[in-house]
*Asks:* 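Let me give you the structure first, and then I'll get to my questions.
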Amino acid sequence: MVKLAFCLEARPAPSRLMSWLSPVLAVLLTVISGALLFMALGKDPLAGLAVFFVEPLRDLHGWSELGIKVAPLLLIAVGLAMCFRANVYNIGAEGQLTLGAICGGAAALYLDMGDAGNGAGMIAISLLAGMAGGMAWAALTAWLRDRYNASEILVSLMLVYIAQLLLSYLVYGVLRDPEGFNFPQSKLLSDGLLLPAIMMDMRLHIGIVFALLASLGGWLFLSKSILGFRLRVGGMAPAAARYAGFSSRKALWSSMLICGALSGLAGVCEVLGPMGQLTPTVSPGYGFAAIIVAFVGRLHPVGVIFSSFVMALFYIGGELAQSRLGLPSAITGVFQGILLFALLACDVLIQYKLRWRK
């Protein structure tokens, strides 16, 4: 009896155009899958897709809220793109964001002297403290990988939970507002310590400018600098990098510290931006979502601008779907997962083709 089975057969080297079209196809597949999901839930698929992809873009307020989500996603994704390019799988950007929020927020609370005594210098110190906190947390992973050859995947992931527990310990303890009716949160920062808004009567702050500058700087670093060239070669061809005398240790430390600084900056921008205080939860999962953003953006510091915009739509659309369609908050994570699996499927089918084999 003849049996038939599917097998994967490698295609000729795919064109660069197809490689860049894969994320676009993945987004289209996500939209189609989302429509089918809304139908399965008994909702109008067109109304559901409109809530996710049209409603956030209807007015200036929607664009402002979208920019608030894009800023941390873009900052973290640029750093993760550098790590993954160096073949360093940093999965703990969420923890580095949290430490950035802790250090930057604590510095802001310490420096807060009321609206009259605050200014750009105090904000800059708080931002630098947040970046230093993120770098220090990333340095733990880099040191354990460098010194003991520990898996950076496991170490960075476990450090996420330590960072979150540390944040809870602080806001329930020494950083808790004594006049906050025993709620686990710090006092509200004075207006003079908050990031300046870039649009009148909108919440969008200067953090989006930092994110775009980080994207531009990441592109210049990877494409125009010797260190960026060494980092890329070390990730694509480690043996060739060793033969050329490029240091894998430098690639590890530089990529981790850059990612930690950008993740920490994202965390402190959340505290000095839309939150205005420290709470037990600083991020809705930006550090993990930025992993998808980095791969959808093809690990390119400019390409992640497109993917961070799409991911921000998922966040805003998920919030609107809860209030307008009565869907659970998990709908955002469902769309993120669909996008990831759609991207993986597109990449596999670009590299390989299915064949029947006896």
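When a residue number appears, it is its place in the shown sequence, counting from 1.
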*Asks:* Could you check whether any side-chain N or O of Ser156 sits under 3.5 Å from a backbone N or O of Ile91, counting only pairs where one atom can act as donor and the other as acceptor?
*Replies:* yes
*Asks:* Mind running side-chain contact (heavy atoms from CB on, under 4.5 Å) on Glu152 and Val88 for me, showing each step along the way?
*Replies:* CA-CA 7 Å; Glu152 72 273 17; Val88 176; 4.2 Å; yes
*Asks:* Lys69 vs Tyr286, test: side-chain contact (heavy atoms from CB on, under 4.5 Å). Steps then yes/no.
*Replies:* CA-CA 9 Å; Lys69 303 291 185 183; Tyr286 291 139; 3.1 Å; yes
*Asks:* Report yes or no: do Asp177 and Gln277 form a side-chain donor-acceptor pair below 3.5 Å?
*Replies:* no
*Asks:* Could you tell me whether Asp201 atom CG has more than 12 heavy atoms of other residues or ligands within 6.0 Å of it?
*Replies:* no
*Asks:* Supply the atom-to-atom distance Leu127 CG to Leu195 CG, rounded to the nearest 0.5 angstrom.
*Replies:* 6.0 Å
*Asks:* Distance-only, no hydrogens or angles: does the Ser33 side chain make a donor-acceptor pair with backbone N or O of Thr30 under 3.5 Å?
*Replies:* no
*Asks:* Could you tell me if the side chain of Phe288 sits less than 4.5 Å from the side chain of Leu157, heavy atoms only?
*Replies:*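 Leu157 reaches Phe288 side chain to side chain.
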*Asks:* What's the spacing between Arg145 CZ and Leu140 CG if we round to 0.5 Å?
*Replies:* 15.5 Å
*Asks:* Take the angle between the ring planes of Phe314 and Phe52 and call it parallel below 30°, perpendicular above 60°, tilted in between.
*Replies:*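 It falls in the perpendicular class, over 60°.
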*Asks:* If we only count heavy atoms from C-beta on, is the Leu299 to Phe295 side-chain gap below 4.5 Å?
*Replies:* yes
*Asks:* With side chains defined as the heavy atoms from C-beta onward, is the minimum distance between Gln185 and Met275 less than 4.5 Å?
*Replies:*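 No, side chains not in contact.
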*Asks:* Taking the side chain as every heavy atom from C-beta outward, state whether Cys259 and Gln96 have any atom pair closer than 4.5 Å.
*Replies:*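 Cys259 vs Gln96: side chains touch.
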*Asks:* Are Leu313 and Val24 connected, step by step, through hydrophobic side chains (Ile, Leu, Val, Met, Phe, Trp, Tyr) whose heavy atoms are closer than 4.5 Å?
*Replies:*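 Leu313 does not cluster with Val24.
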*Asks:* Less than 3.5 Å apart, any donor N or O on the side chain of Ser283 or Glu94 sitting next to an acceptor on the other?
*Replies:* yes
*Asks:* Begin with the C-alpha distance, continue with both residues' side-chain angles, and end with the deciding distance and a verdict on side-chain contact (heavy atoms from CB on, under 4.5 Å) for Leu97 and Ile76.
*Replies:* CA-CA 8 Å; Leu97 177 150; Ile76 302 170; 3.4 Å; yes
*Asks:* Would a single hydrophobic cluster contain both Leu60 and Leu320, if residues Ile, Leu, Val, Met, Phe, Trp and Tyr are joined by side-chain heavy-atom contacts under 4.5 Å?
*Replies:* yes
*Asks:* One pair to check against side-chain contact (heavy atoms from CB on, under 4.5 Å): Arg298 and Ser22. What are the steps and the verdict?
*Replies:* CA-CA 9 Å; Arg298 280 296 178 254; Ser22 179; 3.2 Å; yes
*Asks:* Check for a donor-acceptor pair, side chain of Ser215 on one end and backbone N or O of Ala211 on the other, with a separation under 3.5 Å.
*Replies:* no
*Asks:* Hey, does His205 have a side-chain heavy atom less than 4.5 Å from the side chain of Leu272?
*Replies:* no
*Asks:* Is the closest side-chain heavy-atom distance between Leu204 and Trp63 below 4.5 Å?
*Replies:*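 They are not in contact (no side-chain heavy atoms under 4.5 Å apart), so the answer is no.
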*Asks:* Are there over 12 heavy-atom neighbours, none belonging to Met199, within less than 6.0 Å of that residue's CE?
*Replies:*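 Counting other residues, nucleotides and ligands, CE of Met199 exceeds 12 neighbours.
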*Asks:* Mind checking the CZ-NE2 spacing from Arg203 to His61? Nearest 0.5 Å is all I need.
*Replies:*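 If I round to the nearest 0.5 Å, the distance is 7.0 Å.
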*Asks:* Taking side chain as C-beta onward, heavy atoms only, is Leu212 less than 4.5 Å from Leu216?
*Replies:*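 Answer no - side chains too far apart.
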*Asks:* Please check if Leu36 and Phe335 belong to a single hydrophobic cluster, counting links between Ile, Leu, Val, Met, Phe, Trp and Tyr side chain heavy atoms closer than 4.5 Å.
*Replies:* no
*Asks:* Where the side chain of Asp112 meets the backbone of Ser190, is there a donor-acceptor pair that is under 3.5 Å apart?
*Replies:*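 A pair under 3.5 Å: yes.
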*Asks:* Given side chains that start at C-beta, do those of Leu339 and Val296 come closer than 4.5 Å, heavy atoms only?
*Replies:*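 Side-chain contact under 4.5 Å: yes.
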*Asks:* So which heavy atom on Val293 is nearest to which on Met311, and how close?
*Replies:*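 Between these two residues, the closest heavy atoms are CG2-CB, 3.7 Å.
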*Asks:* According to a hydrophobic-cluster definition based on side-chain heavy atoms being under 4.5 Å apart (Ile, Leu, Val, Met, Phe, Trp, Tyr only), do Ile292 and Leu344 belong together?
*Replies:* yes
